[in-house]
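First the proteins, then the strands, lettered A, B, ... as listed; each starts at 1.
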Amino acid sequence: MADAAQSARAAELRALVNDANYRYHVLDAPAIPDAEYDRLLRELEAIELACPELRTEDSPTWRVGARADSAFAEVAHALPMLSLGNAFDDVEQQQPELRHREVADFVRRIVDETGDPSPVFSVEPKLDGLAISLRYEQGVLVQGATRGDGSTGEDVTANLRTIHAIPLRLRGEAPAVLEVRGEVYMPRAGFHAFNQRALERGEKTLANPRNGAAGSLRQLDPAVTAQRPLAFYAYGLGAHEGFELPATHSQTLRQLARMGLPVSPDVETARGLEGLIDYRRRIDAKRDALAYDIDGVVYKLDRFDQQRAMGFVARAPRWAIAHKFPAQEEMTEVEAIDVQVGRTGAITPVARLKPVQVAGVVVTNATLHNADQIARLDVRVGDTVIVRRAGDVIPEVLAVVAERRPPDSVPWTLPGACPACGSAVVRPEGEVVARCSGGLFCPAQRKQALIHFASRRAIDIEGLGERMVEDLVDLGFVQSVADLYRLSLDDLLELKRRADARDGSTPETAKAGKVATRWAENLIEAIERSRSPSLERLLFALGILQIGEETAKALARSFGSLQAIRDADPILLLAVPDVGPKVAGSIASFFAQPHNNEVIDALLANGLVAQATGQPSASLATRLDLGHLLRAAKQLGAPLVRLGDTSVVRIAEVRRDLAALEAAGEGGLTALGVSADAAAAVFASLADPYWGPRLRAVDAVMMALRSAAPHEVQGGPLVGKTVVLTGSLSAMTREEAGARLEALGAKVAGSVSRKTSIVVAGEAAGSKLAKATELGVPVWDEARLLAFLAAHPTGA
DNA sequence: ATACCTCGAGTTCG
DNA sequence: CTCGAGGTAT
């Protein structure tokens, strides 16, 4: 049992050690010598060993914890970790104001949209490390996670604890919850010292500080991480509770520093474009003298209210940008030019390069994108080329060194046949990419389709990567994605046996057998776990051309079930936001292929269940009116060329569905002010053997949706009102605003007419606002809209 | 009809 | 990360 003296001494030692860390890492002013620090730490360890109950959660002796058993747990970030848009200099440009065009555009957008002629930015070096999030509860570090895909990362708490720059307890008054975002990096001095020592001991060296930092955090054994010279700088906040948020980013960073979190000493504030460029020039000048590697600088709009006004696009904020330094360039030789076949059959030429070090890693491959790119650069086998890592990551061939070209070289030409299946390679008129015409007959495309299906952002089958898929397809175990759900443990073991036999490696020891069983069980379990994906993930996973994550999400939300999408006519699909004629056609033709339907039916038969809302969204029903029907049919090629947009609007205002339109007859349309030509075109389309039935079928679906959709909001404050949104909103997207308004009973229209009840004008509103003023339609600004929405909460 | 802007698709290396 | 192209707003 601990006595009072021991307890007091332990508390004192904790304070001393934590304070020493703070002074060293945050204030950059060490107060005690290293040897003294070590002595204090050892004394604390000794006390805690004797009296384990004295080992508090924030004790610095926790810095080396237990080994993780296999993988890191997933952690959902309470607030997503953002990625930044990039700006590069136009190196060709001599005039400075044009050289920084992208940064100038960034500043101009901010000036335009905030109305602040000289906005203030918080500016900082962009460290070349690994972004992480630290969660403090009641001031104690409880969890640390990598960025991952932005919404979910990996729990690397044990490894982060070993980093002395990361406080285990915050100083001063602790908020209930504080998530701190920052960069774990390896200081250059530490990197060199580490490699020096590794070299002396004959151990593996680190390729570069960046990989050193990333690799260190992924160590399963924290004791290994503890040996790595890692450091940390905080640069932002995630979720927080009980934390009084200052008005600006720079004040927040100062507050974090007061709480004991290290912040880069090179963080400053700058005003306007000139301030940004000046800061960047100064950092560039001292780049080599910095203690850490950087790949650029980051500009963040300092005032949080202005940040909110700018909002986001997809995952990136519009109020911050990374201004990167030009990438390092190296010379090497092209040994060969191969082609790869992608998921969609796209034929991509790849340069096989003589290995060369570029910005810290050895590059051997570089994509050449397409035949145009090769022609533009005139790259040939045997050429000496200049290579760089674009954004310091992806290798890219910049140019050919003409003087070094061997005399016998010949221009590269696109192969006429697919290297994987021999089918013809076709390149449609006007398109840049050439494609293998083999479709799913082509093994390369089949493999890519499987890899895509299993990938993390799609169905997410852990352990089913490229290697695995290769074997499964080559050895005939899997033809389509549906076959995955039929695989048994025995199948996988058999696969493994045959693959080993093929590769000539047959370590038939008992241990290897166990490992194989374990591996097969894991894969089966991963497949099992993937049986109930969300509808949007399933849609994305199917690999329909043009359907990425966002479009899949929009489709899932609009239709609510896979079957509804399979049945949907392109006219209906066009009612989905972001779906136009091309995308709608792509979806329709995918579901028109018997083979695809067989695979989907097999998937369902094999127990795959998409988790759908089951309810088509209200917004789909509201978008679908007679006007949409006519407009969409016209876009898709119905004989309605004579039907102008104003006529469509007139018709849609008066007639609710086709039955009403037909009852009115051509005369009824001309009475609405529609030209005789246009009215005739409408009825001609209805009489058309192809378009007539289609229009009627879609009309029927439309009416069914109307009655089923929950959009007939009883007593909604906006029932019977038509609202038009224009310009850009800051607090939400137009999409969201539209959905909120619809939930209140409004009909959201695309253009302003006399019938429009309200026009909501965001920033930079254009002609619609002018028209609204002209027609005397009431105009709301964003504040008015937000106030209204706040006053009329909808359950959502 | 035109200008932006966002999304999709393909890709590297450890 | 970059490029091309589809979609939407003007």
Side-chain angles (χ1 to χ4, degrees), chain A residues 83-88 105 109 130 204 206-208 210-216 218 295 312-316 318 322 324 327 338-353 355-370 372-373 376 387-398 428 430-435 444-445 448-449 451-452 455 457 466 540 543-554 574 576-586 635 724-728 733-735 750-752 762 764-771:
Chain A
S83 53
L84 294 180
N86 292 307
F88 292 93
D105 287 348
R109 277 199 299 274
L130 197 72
K204 267 208 240 157
L206 303 170
N208 56 51
R210 191 207 135 78
N211 288 353
S216 302
R218 303 207 76 255
D295 57 0
F312 295 84
V313 281
R315 276 181 285 277
R318 295 179 68 231
K324 299 220 175 154
D338 293 345
V339 297
Q340 291 179 352
V341 185
R343 163 169 71 90
T344 62
I347 300 282
T348 310
V350 183
R352 308 292 176 198
L353 305 168
V356 60
Q357 278 267 344
V358 188
V361 305
V362 178
V363 168
T364 53
N365 297 310
T367 176
L368 292 166
H369 299 298
N370 52 57
D372 276 8
Q373 171 80 354
R376 213 163 22 237
V387 178
R388 74 166 173 201
R389 293 212 293 151
D392 273 342
V393 177
I394 297 191
E396 174 187 30
V397 173
L398 272 188
E431 286 198 16
V432 184
V433 291
R435 297 197 137 87
Q445 289 190 51
Q448 293 301 319
I451 292 167
H452 170 72
S455 67
R457 314 189 82 111
E466 190 158 350
F540 174 52
I544 305 168
L545 228 49
Q546 316 265 40
I547 307 304
E549 286 172 282
E550 295 295 326
T551 314
K553 199 182 290 175
L574 274 178
V576 176
D578 298 334
V579 174
K582 292 272 164 70
V583 176
S586 171
Q635 278 187 51
V724 174
L725 296 158
T726 180
S728 52
T733 64
R734 249 204 306 266
E735 251 301 283
S751 59
V752 181
S767 65
K768 289 186 199 174
L769 175 57
K771 188 158 183 195

**Student:** What I want to check is whether the side chains of A:T344 and A:R435 have a donor and an acceptor closer together than 3.5 Å.
**Tutor:**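 A:R435 and A:T344 do have a side-chain donor-acceptor pair below 3.5 Å.
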**Student:** Go through B:dA9, B:dT12, B:dC7 for me and flag the one nearest to the A:E550 side chain.
**Tutor:**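 Ranking B:dA9, B:dT12, B:dC7 by closest atom to the A:E550 side chain puts B:dC7 first.
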**Student:** Looking only at the side chain of A:R109 (C-beta and beyond, no hydrogens), which of the listed nucleotides B:dA9, B:dC5, C:dG7 gets closest?
**Tutor:**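 Shortest atom-to-atom distance from the side chain points to B:dC5.
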**Student:** Toward the 5' end of DNA chain B, which comes first, A:L545 or A:A366, by nearest nucleotide?
**Tutor:**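 Checking each residue's closest nucleotide, the 5'-ward one belongs to A:L545.
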**Student:** Compare side-chain N and O positions of A:Q340 against OP1 and OP2 of B:dT11 and report whether any pair is under 4.0 Å apart.
**Tutor:**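 So the side-chain polar atoms of A:Q340 do come within 4.0 Å of the phosphate oxygens OP1 or OP2 of B:dT11, strictly under.
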**Student:** To the nearest angstrom, how far is A:L398 atom CG from C:dC1 atom P?
**Tutor:** 16 Å
**Student:** In whole angstrom, what separates A:D372's CG from C:dG4's P?
**Tutor:** 8 Å
**Student:** Report the nucleotide, chosen from B:dG8, C:dG6, B:dT12, that has the shortest atom-to-atom distance to any side-chain atom of A:V583.
**Tutor:** C:dG6
**Student:** If I take atom CD1 in residue A:I347 and atom C1' in nucleotide B:dA9, what distance separates them, rounded to the nearest angstrom?
**Tutor:** 14 Å
**Student:** Please state whether the phosphate of B:dG8, meaning OP1 or OP2, lies under 4.0 angstrom from any side-chain nitrogen or oxygen of A:T551.
**Tutor:** yes
**Student:** What residue among A:V362, A:N365, A:V363 forms side chain to side chain contact (heavy atoms under 4.5 Å, CB included) with A:P355?
**Tutor:** A:V362
**Student:** Counting only side-chain N and O atoms of A:N365, is one of them less than 4.0 Å from OP1 or OP2 of B:dC13?
**Tutor:** yes
**Student:** Students often get this wrong, so: under 4.0 angstrom with heavy atoms, is A:V433 touching a base, only sugar-phosphate, or nothing?
**Tutor:** nothing
**Student:** What is the distance, to the nearest angstrom, from the NE2 atom on A:H452 to the P atom on B:dG8?
**Tutor:** 10 Å
**Student:** In this structure, how many angstroms lie between the P atom of C:dT2 and the CG atom of A:L368, rounded?
**Tutor:** 16 Å
**Student:** Find the distance between OG1 (A:T367) and CD (A:Q373) and round it off to the nearest 0.5 Å.
**Tutor:** 8.0 Å
**Student:** Between atom NE2 in A:H369 and atom C1' in C:dG4, what is the gap in whole Å?
**Tutor:** 11 Å
**Student:** Checking contacts here: which listed nucleotide (C:dG7, B:dG14, B:dG10) is nearest the side-chain heavy atoms of A:D578?
**Tutor:** C:dG7
**Student:** Starting from C1' on B:dG8, measure out to CZ on A:R343 and report it in whole angstrom.
**Tutor:** 8 Å
**Student:** Can you tell if the side chain of A:R457 reaches within under 4.5 Å of the side chain of A:E549, non-hydrogen atoms only?
**Tutor:**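 SC-SC contact between A:R457 and A:E549 confirmed.
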**Student:** Is the backbone of A:V433 close enough, under 3.5 Å, to the side chain of A:H369 for a donor and an acceptor to pair up by distance?
**Tutor:**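 Judged by distance alone, no pair lies under 3.5 Å.
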**Student:** Counting the atoms with a prime plus P, OP1 and OP2 as sugar-phosphate, which does A:Q373 contact under 4.0 Å by heavy atoms, base, sugar-phosphate, or nothing?
**Tutor:** nothing
**Student:** Counting heavy atoms from C-beta on, name the nucleotide in C:dG7, B:dG8, B:dT11 closest to the side chain of A:T367.
**Tutor:**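 Closest nucleotide to the A:T367 side chain: B:dT11.
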**Student:** Taking CD from A:Q546 and P from B:dG10, how many angstroms apart are they, rounded to a whole number?
**Tutor:** 11 Å
